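As the structure is a computational prediction, the values presented were derived from the model and not from experiment. So that the names make sense, note that chain A is the first sequence line, chain B the second, and so on, each numbered from 1.
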2 protein chains.
Amino acid sequence: MTIRDVARAAGVSTATASRALNESHLVAEDTRTVVRAAADRLHYSPHGAARSLITSRTHTIGVLLPDLYGEFFSEVIRGIDQRVQQVGYHCLLSSARRGGPPLEAALRSMRGRVDGLVLMSPEFTGDLSRRTLPAGFPVILLNSAPAELPHGSLIVANFEGARAMVLHLAALGHRRVAIIKGAEGNFDAAERLRGYRAGLGEAGLEPAPELEIAGDFGEAAGDAGARALLRLVDRPTAIFATNDGMAIGALFALRDAGLRVPEDIAIGGFDDIPMARYLEPALTSVHVDISALGERAAARVLSALERTADPDLSRETMPTTLVVRRSCGARRS
Amino acid sequence: MTIRDVARAAGVSTATASRALNESHLVAEDTRTVVRAAADRLHYSPHGAARSLITSRTHTIGVLLPDLYGEFFSEVIRGIDQRVQQVGYHCLLSSARRGGPPLEAALRSMRGRVDGLVLMSPEFTGDLSRRTLPAGFPVILLNSAPAELPHGSLIVANFEGARAMVLHLAALGHRRVAIIKGAEGNFDAAERLRGYRAGLGEAGLEPAPELEIAGDFGEAAGDAGARALLRLVDRPTAIFATNDGMAIGALFALRDAGLRVPEDIAIGGFDDIPMARYLEPALTSVHVDISALGERAAARVLSALERTADPDLSRETMPTTLVVRRSCGARRS
DNA sequence: TTGTAGGCGTTATCAA
DNA sequence: TTGATAACGCCTACAA
């Protein structure tokens, strides 16, 4: 079932059939009607690969993420899909998990299948970029370290958000504020840690190595982290979990230890996932509009597709806002 | 940067270059080495669309879901991606949300871009299938109503899971068990409702229309549903929320109303999302291995790709298991 | 307004 | 073992 079949059925050449089906004005209205009818009758759909080959447009953007687990990635994808769907594009999804194919292969395999790329990976380097992507290929980096990479990028205001959280906790009178850190090598994790330390400094609090607990953004790490903190001789009075998943784990651990939140110990999270307000106690968190991050990334890739020259290599920051709920112990105003 | 450039650089024909790069044994080892070197030096990657055109294989499977919001879809996608990645395939993602392009267009747009399809949509009919898909095109349906559709399908044991939940609640002594239903027109929602009613019957309990509350699988619906139930003169003593998101909303509403769970009212959910065990109280739920559902769907599409004849049109059911935690008030054994 | 023909980048077929 | 050459399905000059 190709356009030749349609052309034959309609009694025209393939060129005419193509024009008729592609809204070209170089076709008589009558002819178009006949061709359309034939196409409908034969249930014709154009062959994507063939079309891509000649037009060098795939109408697809690639989405390469480090993982697909959890509400964060899910929302990023949703935002991207929402945006690209508006212009009839698709998402070609790929995760670069450890154990899967290496990043380079993943990137390579996308050539000729996507028009642009939304990429989130700590491993992506300028060298790799040069090796795997054609010069000028539209790429938007998500939450990657600032570097000399020749690509636009989008990040979350991790530093500011974390700093705001710590300052808020300090303003509530907490002197010993612990942090449960994110995954090693993760850009967001590093920035949130930096914000935490900056906040401590501004509040005149002493940083303490024993209050910085390793984590990986999973619920179990929050649980374990909180338990570790409870074993300290000089316990913290507040815990900043650097994402909500870990905050949930921490809440669980504290409850299990018979401690009340926020009376005995305060907790704050990061991301403000939809569930945060439904927790008990409702979770104070740093709000991030994750799907908007995805939408914006997609929008920038799409706009790079429009104009060929003048690539937009800017670094853009998605703002964060502190959402105060009961878990930090702030009085209702 | 095409294979012709590589061939030229290596001093061979494109045919030889192609063979060298594709592990064909019709190539001298020396030649292969030379070609590989040239390809590396030139950073050559094959063009997916061109390759697809001639091989009629895209190494991609399409994933069409009704929405991308929430942990359910996220896990399905993760499972699919995990499976297809093992054989070097990609996922082409698309959501058929209301407001977006109609399902038919979405399906059409995938022709020539995917080798098979994992499809979840209440709107998909046999007629549409015939109109949009080539005969014998590999499709696995997810959670769709049983029908005369010429495709294999995968469903969750909704009925059995819901029934088990209700029987469990009844065994705990509850006589008035309410349900917060899922989205209208949703297959899972209908099946869970059916299981609920069957469970009531088996337990010798009277069904009551006022105990069947409308919902849509969102947290807010659980909240609203629970509030509605609390307004009843003859309150239920247990609420079965047909997914965990709504159970979370219901927990929130009950707490807000000053009721204790499970002492004043028991709650059960469905799906057993990772977060369920971290809630307060920990949520009794019907466990579903969602990512396994995705993996299995992908596996079936892939295996359909292998053998051309003998399509597997079977209907497969993913089992569910009741996970008892504190929210239903069962004694620890 | 229509048709012919060339080419997008690749692999498959056939000779050499 | 290699090289010409013909597809794959489509779009788009160019010619009519």
Side-chain angles (χ1 to χ4, degrees), chain A residues 1-36 38-39 42-60 88 108-115 132-134 137, chain B residues 1-36 38-39 42-60 88 90 108-115 133-134 137:
Chain A
M1 177 54 1
T2 76
I3 200 169
R4 301 188 53 181
D5 300 308
V6 175
R8 186 159 25 221
V12 299
S13 71
T14 60
T16 301
S18 172
R19 284 190 282 253
L21 297 173
N22 286 297
E23 312 303 321
S24 159
H25 43 259
L26 293 169
V27 142
E29 234 5 88
D30 293 354
T31 314
R32 191 193 301 280
T33 311
V34 174
V35 173
R36 279 217 185 112
L42 298 176
H43 303 319
Y44 167 75
S45 317
H47 190 284
R51 182 179 258 175
S52 297
L53 192 54
I54 184 71
T55 61
S56 55
R57 271 304 168 85
T58 62
H59 291 272
T60 302
R108 278 257 158 71
S109 69
M110 286 198 164
R111 128 127 159 131
R113 320 177 70 77
V114 301
D115 295 334
T132 56
L133 302 172
F137 191 77
Chain B
M1 176 56 359
T2 78
I3 201 170
R4 301 188 54 180
D5 300 309
V6 175
R8 186 158 26 222
V12 299
S13 72
T14 59
T16 300
S18 173
R19 284 189 284 253
L21 297 172
N22 284 297
E23 312 303 321
S24 161
H25 45 259
L26 293 169
V27 130
E29 228 14 80
D30 293 355
T31 314
R32 191 194 301 283
T33 310
V34 174
V35 174
R36 278 218 186 108
L42 298 176
H43 303 318
Y44 167 76
S45 317
H47 191 284
R51 182 179 259 176
S52 298
L53 191 54
I54 184 72
T55 61
S56 56
R57 271 305 168 84
T58 62
H59 291 270
T60 302
H90 286 285
R108 277 257 158 71
S109 69
M110 285 198 166
R111 130 128 156 127
R113 321 178 71 77
V114 301
D115 296 333
L133 301 173
F137 191 77

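- Protein atom CG of B/Asp30 is 14 Å distant from nucleotide atom C1' of D/dT2, rounded to whole Å.
- Within 4.0 Å of A/Arg111, counting heavy atoms only, lie sugar-phosphate atoms of the nucleic acid but no base atom.
- In this structure, OG on A/Ser18 lies 13.5 Å from CZ on A/Arg4, to the nearest 0.5 angstrom.
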*asked:* Test side-chain hydrogen bond (donor to acceptor under 3.5 Å, both in side chains) on B/Thr60 and A/Arg113; report intermediate values, then the result.
replied: CA-CA 10 Å; B/Thr60 302; A/Arg113 320 177 70 77; 2.7 Å; yes
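- For the OP1/OP2 pair of D/dG3 and a distance below 4.0 Å, the side-chain nitrogens and oxygens of B/Thr14 include no atom meeting the criterion.
- Listed by residue number, the members of residues 44-52 of chain B with any heavy atom below 4.0 angstrom from DNA chain D form an empty set.
- No donor-acceptor pair under 3.5 Å is formed between the side chain of A/Arg111 and the backbone N or O of B/Tyr44.
- Residue A/Ile3 is classed as a sugar-phosphate contact, given heavy-atom separations below 4.0 Å to backbone atoms only.
- Between B/Ala49 and A/Leu53, the closest heavy-atom pair is CB-N, 4.4 Å.
- A straight line from CG of A/Leu53 to P of C/dG7 spans 14 Å, rounded to a whole angstrom.
- Side chains of B/Ser45 and A/Arg108: a donor-acceptor N/O pair is present below 3.5 angstrom, by distance only.
- Taking the screw axis at each terminus of the helix from C/dT1-D/dA16 to C/dA16-D/dT1 from five consecutive base pairs, the angle between the two is 40° to within rounding of 10 degrees.
- Here D/dC8 presents its C1' atom at 16 Å from CZ of B/Arg113, a figure rounded to the nearest Å.
- Here D/dG3 presents its C1' atom at 13 Å from CG of B/Leu26, a figure rounded to the nearest Å.
- Taking both residues in full, the closest heavy atoms of B/Ala39 and B/Leu21 are given as CB-CD2, 4.0 Å, listed atom of the first, atom of the second, then distance.
- Under 4.0 Å is where a charged nitrogen must lie from a carboxylate oxygen, and between A/Glu29 and A/Arg36 no such pair does.
- Contact annotation: B/Ser56 does not reach the phosphate of D/dC8 (side-chain N/O to OP1 or OP2, under 4.0 Å).
- Note: A/Ile3 CD1 to A/Asn22 CG = 7.0 Å, rounded to the nearest 0.5 Å.
- Residues B/Ile54 and B/Ala28 each lie close to DNA chain D; by heavy-atom proximity, the contact nearer the 5' end of the strand is made by B/Ala28.
- Atom C1' of nucleotide C/dT11 and atom NE2 of B/His59 are separated by 12 Å, given to the nearest angstrom.
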*Dump the intermediate steps for side-chain contact (heavy atoms from CB on, under 4.5 Å) on A/Val12 and A/Val34, then the final yes or no.*
CA-CA 9 Å; A/Val12 299; A/Val34 174; 5.9 Å; no
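- The phosphate of C/dG9 (OP1 or OP2) has no side-chain N or O of B/Thr2 nearer than 4.0 angstrom.
- Residue A/Asp115 comes nearest to A/His59 through the heavy atom pair OD2-N, 2.8 Å, listed as atom of the first residue, atom of the second, then distance.
- Side chain of A/Val12, nearest nucleotide from D/dC11, C/dG3, C/dG9: C/dG3.
- What separates CZ of A/Arg57 from P of D/dT12 is a distance of 12 Å, to the nearest Å.
- Note that CZ of B/Arg19 is 8.5 Å distant from OG1 of B/Thr14, once rounded to the nearest 0.5 Å.
- Checked against D/dT1, C/dT2, D/dG9, the side chain of A/Val27 finds its nearest nucleotide in C/dT2.
- The side chain of B/Thr31 lies closest to D/dT1 when the candidates are D/dT1, C/dT11, C/dG3.
- We find that CZ of B/Arg8 is positioned 12 Å from P of C/dT10, with the value rounded to whole Å.
- Between B/Glu29 atom CD and D/dT2 atom C1' the separation is 15 Å, expressed in whole Å.
- Taking the side chain of A/Ser13 as heavy atoms from C-beta on, and the options C/dT4, D/dG9, D/dT2, the nearest nucleotide is C/dT4.
- To the nearest 0.5 Å, atom CZ of residue A/Arg57 and atom CZ of residue A/Arg51 are 13.0 Å apart.
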Can you pull every protein N or O that's under 3.5 Å from an N or O on nucleotides 13-16 of chain D?
none

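- Nearest to the side-chain atoms of A/Asn22 among the listed nucleotides C/dT2, D/dC11, D/dG9 stands D/dC11.
- Which of D/dC11, C/dT2, C/dC8 sits closest to the side chain of A/Ser18 comes down to D/dC11.
- Taking every heavy atom of both residues into account, A/Thr58 and A/Gly112 meet most closely at CG2-O, 3.8 Å.
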